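Structure first, commentary second.
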Amino acid sequence: MTKQLIGFCLLIVLLCWLTLPSTGLAADKTKVLIVYDLKDNEHDEQVYMTDLLVGHFTQDITTLRADKLDEAELNDYSHLVYIHTNEKKPSGATIAKLDGFKGGIFHIGRYSEMFKFGSFLSFQGVGTATHIIDDQDELELDSAQTAIRYETDSNTDVLYDGKSGNTRFPLIFRHDDDMVVATDGVTEMIGNFAGEAMFDFFDAKKRGPQRYIRLEDVHPKSDKEKLKEIGDYLEQKGIPYMITLIPVYTNPRTGEEIHLSDEPKLVKILQNMQSHGASIILHGYKHQYRNTETGEGYEYWDEKNDRPIYQKKNEKALLRNDFGSEKAFQEFIKKGEAFEQKYISGTLDKGIRELNEQKLYPLAFEPSHYAMSLEGYREVANYFSTYVGEAQISNKTNEITFTTVFTSRASFLHGMKLVPETLGYVDPGNKDAIKDILDNEAYYSRFSDSQLGLFYHPYLGLDKLKTIIEELEQRENYPWFDLKQTQNKAETEGIVITSGKSGIDVSMSGKEKARSMFVRTWWVIPPAIIYLLIVIISIRGKKKKTNSLTGSQHGSLFAEQ
């Protein structure tokens, strides 16, 4: 009877659980659809910029052209971002579809007044904005931005005003659950403020800034003493930092390669730095594609032709004019993308292995000069979960990059987390470089969750870095970001490197352990073989001598008998 009663109670509990309303975790999940309507399908970098901004709040992001809206079931999404940079008005079908969306809409660009969410707006014309104004400051924009002038109603919450001359107007504002960025995109500083506005749109918790320092372009020919001095100083200050490592230095004149394994003293210094505050980042394999100086050249971008790596470096670069038709050219591009994928994969595999063999464990990746194609990110994501720096957001040129103020998991990064660099670096040719870094920190620290990241070349010595640190210590006491205390993963066949609160963990297959041990100890094998041969020859020699002596004794004995 007792068993029957328990069974009956369990059945009731199960039925109650099954009949709970479907407003649990799934209902809380932030799922975003980015819809875009661009002029002649150009300026698609606006989509990638927006993707990066949204990527701080969710990694469940879908991007879709406005004329493909019929293919999407809008009720599957919790939020919708609509970008309209096209001077042509949105179609009736687009308006009808978006008007039927029940969640909040974040609108960037033109024609907000044509939608239900913008029905409170009175269009005043298109002009420019040269300044942006929040409740603290009036800041001059990097460059004048196209601004759509609206008259709003009393229920509008204006987050930021724009200004041109003496005219002030709403630039980023909220109305109920919807938000409008009344500019022609989220370029430059507008992107920073649009990102800040998204905290309200997504109802996200705001946290303070973090600082970080990256020691850049360290390779086998780097100055050991300067590197050690900087490492000792940062350890003494208790400041965690990152080191971007290039495993191979190549002499551009002779082609001679020097690997980290050829520089054991440098490796020892780097291992010590890793044990006392440093996180290692793979900065490519050679930091060069053609015959350029390691640390100066590009590795993942054909700088000469300003395009992705589609061919071997010594081959004549084939361009559009070399093909009789667009179809033939596109077939070449397709083969080029396969070449690029294999090329990137090869460098990452070798880079992780060679660092791992030296007990240096990369936790993230950074391409040289932040230059990489959009297809390249897909390949990098097969090896790393974390990407550091800025993101190139065009295959047309490496000059179009963008970085968020905060970390991001934009959909085009294929699951990787971007840790942005925002403050710049000490350029020896810029006498105001340190002042620029400090000014940048003053600007970026106004934004929530901001990463106040700068990079520094160790060949400059310690003095300039000390000046920066001492200046920062006079300011707000923002915490230092420690990459290896966060979750990261790097892997290639047979090797998995992870990090988290408990530090770095390395897992290797049996085959990889044997290979790694052979690589580290191969130099012991030749003398060991020579020693073994000497021992064998010596033993055989003694045995022969003994046999000879024994035979001689037997002969004497027989003779005596």
Side-chain angles (χ1 to χ4, degrees), residues 24-36 44-65 72-83 101 103-106 108 179 186 191-192 194-207 210 363-367 370 372-393 401-422 447-451 453 481 483 485-491 498-500:
L25 291 176
D28 296 334
K29 188 174 176 59
T30 301
K31 185 174 182 178
V32 180
L33 176 65
I34 299 175
V35 181
Y36 56 94
D44 54 357
E45 62 268 20
Q46 287 295 330
V47 180
Y48 296 110
M49 290 177 186
T50 306
D51 192 0
L52 281 164
L53 295 175
V54 174
H56 184 63
F57 305 95
T58 181
Q59 59 185 117
D60 194 342
I61 304 168
T62 302
T63 60
L64 189 70
R65 260 178 28 200
E73 179 51 63
L74 298 193
N75 289 331
D76 288 345
Y77 299 91
S78 61
H79 299 76
L80 195 148
V81 179
Y82 178 58
I83 312 167
F101 182 64
I105 295 181
F106 193 101
I108 302 166
M179 197 162 283
V186 288
N192 304 146
E196 183 69 20
M198 285 183 179
F199 281 88
D200 288 339
F201 181 68
F202 289 109
D203 196 22
K205 183 180 178 182
K206 297 181 178 181
R207 291 162 295 192
Q210 295 185 95
L363 302 177
F365 173 76
E366 179 199 321
Y370 307 141
M372 173 161 273
S373 74
L374 294 162
E375 289 74 25
Y377 297 129
R378 185 187 299 277
E379 193 58 33
V380 174
N382 290 328
Y383 293 84
F384 288 95
S385 68
T386 306
Y387 176 99
V388 176
E390 297 182 8
Q392 181 176 323
I393 52 174
T401 61
F402 186 71
T403 188
T404 45
V405 169
F406 35 57
T407 58
S408 173
R409 295 183 186 273
S411 65
F412 74 88
L413 293 176
H414 304 284
M416 286 192 291
K417 175 180 66 180
L418 167 70
V419 179
E421 173 262 302
T422 51
F447 298 106
S448 303
D449 290 13
S450 56
Q451 289 281 344
F481 174 66
L483 181 69
Q485 289 293 308
T486 64
Q487 289 189 344
N488 304 283
K489 183 178 182 182
E491 65 178 320
T498 57
S499 73

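Not measured: the values here are computed from a predicted model.
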To the nearest 0.5 angstrom, please state how far the CD1 atom of Ile108 sits from the CD1 atom of Ile83. 5.0 Å
Would you mind reporting whether Gln451 and Phe481 have side-chain heavy atoms less than 4.5 Å apart? yes
Would you name the heavy atoms of Val186 and Thr50 that are closest together and state the gap between them? CG2-OG1, 3.8 Å
Contacts table for residues 52-60: side-chain donor-acceptor under 3.5 angstrom, sequence neighbours left out:
from, atom 1, to, atom 2, distance (Å)
His56, ND1, Thr407, O, 2.7
His56, NE2, Asp449, OD2, 2.8
Thr58, OG1, Thr30, O, 2.7
Thr58, OG1, Asp60, N, 2.9

If I compare all heavy atoms of Leu33 with all of Leu64, which pair ends up nearest, and what's the gap? CD1-CB, 4.0 Å
CD of Glu366 to OH of Tyr387, rounded to nearest 0.5 Å, is 7.5 Å
side-chain contact (heavy atoms from CB on, under 4.5 Å) between Phe384 and Lys489: does it pass, once the steps are laid out? CA-CA 6 Å; Phe384 288 95; Lys489 183 178 182 182; over 6 Å; no
Determine all donor-acceptor pairs shorter than 3.5 Å in which one atom belongs to a side chain in residues 414-421; sequence neighbours excluded.
from, atom 1, to, atom 2, distance (Å)
His414, NE2, Phe412, O, 3.4
Glu421, OE1, Tyr370, OH, 2.7
Glu421, OE2, Gly424, N, 2.7

Polar side-chain atom of Gln392 near backbone of Met372 as donor-acceptor pair, under 3.5 Å: yes
Which heavy-atom pair separates Val388 from Ala364 by the least distance, and what is that distance? CG2-CB, 3.8 Å
Where Lys206 and Ser448 come nearest, the two heavy atoms and their spacing: CD-OG, 3.3 Å
Quick one: does Asp51's side chain have a donor or acceptor within less than 3.5 Å of a partner on Ser411's backbone? yes
Can you establish whether the number of heavy atoms outside Asp203 located under 6.0 Å from its atom CG is more than 12? no
For residues Tyr383 and Glu491, determine if any side-chain heavy atom of one lies less than 4.5 Å from a side-chain heavy atom of the other. no
In short, Thr386 meets Leu363 closest at the heavy-atom pair CB-O, 4.0 Å
How close do Tyr48 and Ile393 get, counting heavy atoms only, and between which atoms? CD1-O, 3.5 Å
Distance, nearest 0.5 Å, that separates CZ of Arg409 from OG of Ser385: 7.0 Å
His79-Phe106 aromatic ring centre distance below 6.0 Å: no
Are side-chain heavy atoms of Phe101 and Tyr82 found at a separation under 4.5 Å? no
Interatomic spacing from CD in Gln487 to OG in Ser499 - rounded to 0.5 Å: 8.0 Å
Ignoring hydrogens and geometry, is there a side-chain-to-backbone donor-acceptor pair from Ser78 to Lys31 under 3.5 Å? yes
Ignoring hydrogens and angles, tell me if any N or O in the side chain of Asn192 forms a donor-acceptor pair with the backbone of Val405 under 3.5 Å. no
